[in-house]
Amino acid sequence: ISEEYTLALAVKTVMMKTAGDIAINMSTSRMNEDIAVSVGGKTFRTKVGEANVAAGIIAHAAVIGGEGSGGVIYPAINLCRDSLVGIALILELLAAAGKSVSEMVAELPHYEMRKDKMPFTGDLANVYARLKSAFPDGITNDLDGLRLDMSDGAWVHLRPSNTEPIVRLIGEAKTASRIEEIMIRAKGALG
């Protein structure tokens with residue numbers, strides 16, 4: 001399974017016992033949002049980065065948060081990414097359900113995610129404009145780069161790296177064919 005499931009399983013554990021909201025970054029899987037909604041919670045999106053997610057948790061009194069890279073932040077324990085807390089939450093879920101990891105993953109909302117990076121040193125404003133044109137029905141979020149959310153739940157997020165001369169392109173959809181189509185169209189907009 002991908003690292004995206006680490007946070008989703010931890011979110012499921014916490015949301016089963018504590019009502020509340022979650023904070024996740026702009027590039028994290030929608031399955032976390034689906035889990036929160038299923039128990040009446042809201043999702044607050046932040047810029048990418050542990051410090052940004054921790055600030056989002058504080059600002060919105062979220063009961064859990066993190067990043068799709070597997071970074072679980074559980075404020076009941078501490079406000080930093082903590083792999084041991086993530087492991088403990090997932091083990092708690094497995095013990096309570098009496099199921100294996102693969103059985104628990106099968107019960108989660110399913111999405112296909114693609115992540116790519118490309119060298120880039122040009123004008124991002126131009127690229128953002130072309131990306132918006134490629135997805136004219138996408139709902140725009142420019143909190144951190146440009147994220148476009150489509151009516152079918154698919155999304156694409158383009159953001160510059162803070163550490164190297166590249167852009168990161170991340171997208172998610174319900175099917176492999178849909179995310180492939182989105183990524184091809186998005187890369188075409190990059191030029």
Side-chain angles (χ1 to χ4, degrees), residues 1-46 48-50 52-54 56-57 60-117 147-157 168-184:
I1 61 173
S2 83
E3 69 275 9
E4 292 287 332
Y5 288 98
T6 303
L7 181 58
L9 290 168
V11 166
K12 184 172 179 72
T13 306
V14 171
M15 299 305 268
M16 285 175 21
K17 59 185 178 177
T18 308
D21 302 326
I22 67 171
I24 57 177
N25 77 32
M26 298 285 287
S27 293
T28 297
S29 176
R30 186 180 296 277
M31 70 179 126
N32 297 284
E33 191 171 336
D34 291 351
I35 293 165
V37 166
S38 75
V39 295
K42 294 179 189 164
T43 299
F44 296 95
R45 296 264 179 187
T46 71
V48 171
E50 177 183 349
N52 296 317
V53 176
I57 289 170
H60 301 289
V63 296
I64 190 166
E67 300 191 283
S69 60
V72 175
I73 303 173
Y74 186 36
I77 303 293
N78 62 51
L79 272 168
C80 65
R81 187 173 47 222
D82 191 325
S83 59
L84 294 177
V85 168
I87 290 167
L89 289 170
I90 293 169
L91 289 173
E92 179 183 346
L93 177 66
L94 299 177
K99 296 180 180 179
S100 68
V101 171
S102 58
E103 289 170 319
M104 292 308 302
V105 165
E107 293 179 3
L108 293 174
H110 180 76
Y111 292 94
E112 294 287 333
M113 182 177 268
R114 299 292 181 271
K115 299 178 182 183
D116 206 349
K117 62 183 178 179
R147 179 176 158 138
L148 297 167
D149 285 89
M150 279 45 100
S151 61
D152 65 354
W155 57 269
V156 63
H157 183 206
R168 297 185 190 283
L169 182 65
I170 298 136
E172 186 176 57
K174 288 209 173 264
T175 65
S177 62
R178 175 71 169 132
I179 193 55
E180 293 305 327
E181 180 260 322
I182 287 170
M183 293 299 276
I184 289 168

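Note that the CD atom of Glu50 and the CG atom of Asp82 stand 9.5 Å from one another [nearest 0.5 Å]. Note that the CZ atom of Arg45 and the CD1 atom of Ile22 stand 7.5 Å from one another [nearest 0.5 Å]. Taking NZ of Lys115 as the start and CD of Glu3 as the end, the distance is 4.0 Å to the nearest 0.5 Å. We find the NZ-CD1 distance between Lys117 and Ile170 to be 11.0 Å, quoted to the nearest 0.5 Å. Taking CE of Met15 as the start and CD1 of Ile35 as the end, the distance is 8.5 Å to the nearest 0.5 Å. The distance from the CG atom of Leu7 to the NZ atom of Lys12 is 13.5 Å, given to the nearest 0.5 Å.
For the pair Glu67 (side chain) and Thr28 (backbone), a donor-acceptor distance under 3.5 Å is absent. Although no hydrogens or angles enter the test, the distance criterion places no donor-acceptor pair under 3.5 Å between the side chain of Ser29 and the main chain of Glu4. In this structure, the side chain of Asn32 engages the main chain of Ala8 through a donor-acceptor pair within 3.5 Å. Judged purely by atom type and a 3.5 angstrom limit, Arg168 has no side-chain atom pairing as donor or acceptor with the backbone of His157.
When all heavy atoms of Pro75 and Ile57 are compared, the pair lying nearest together is CG-CG2, 3.7 Å. Closest approach of Lys42 and Ala36 over heavy atoms only: O-CB, 4.3 Å. Annotation for Ala23 and Gly56: closest pair CB-C, 3.9 Å, computed over non-hydrogen atoms. Taking each heavy atom of Ile64 and Val72 in turn, the nearest pair found is CD1-CG1, 4.1 Å.
Asn25 has its side chain out of reach of Asn52: every pair of non-hydrogen atoms, C-beta onward, lies at least 4.5 Å apart. In this structure, the side chains of Ile179 and Met113 stay at 4.5 Å or more apart for every pair of heavy atoms. In this structure the side chain of Tyr111 reaches within 4.5 angstrom of the side chain of Asp34, judged on heavy atoms. Contact of the Leu94 side chain with the Met104 side chain is registered, since non-hydrogen atoms from C-beta on lie closer than 4.5 Å. For the pair Ile24 and Val11, the minimum side-chain heavy-atom distance is 4.5 Å or more. Taking 4.5 Å as the limit, some side-chain heavy atom of Thr6 sits within range of a side-chain heavy atom of Ile90.
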#### Entry: Test side chain to side chain contact (heavy atoms under 4.5 Å, CB included) applied to Leu89 and Leu9, step by step
CA-CA 8 Å; Leu89 289 170; Leu9 290 168; over 6 Å; no
### Task
Give the intermediate values and the outcome of side chain to side chain contact (heavy atoms under 4.5 Å, CB included) for residues Arg30 and Thr43.
CA-CA 10 Å; Arg30 186 180 296 277; Thr43 299; over 6 Å; no
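Evaluation of the ring pair (Phe, Tyr, Trp, His ring centres under 6.0 Å) test over residues 60-92, restricted to residues two or more places apart or in two chains, returns Phe44-His60.
A salt bridge is absent between Glu112 and Arg178: the closest approach of a Lys/Arg side-chain nitrogen to an acidic carboxylate oxygen does not fall below 4.0 angstrom. A salt bridge links Asp149 with Arg147; the closest basic N to acidic carboxylate O contact falls under 4.0 Å.
Residues satisfying the salt bridge (Lys or Arg N to Asp or Glu O under 4.0 Å) criterion with Glu172, sequence neighbours excluded, are absent altogether.
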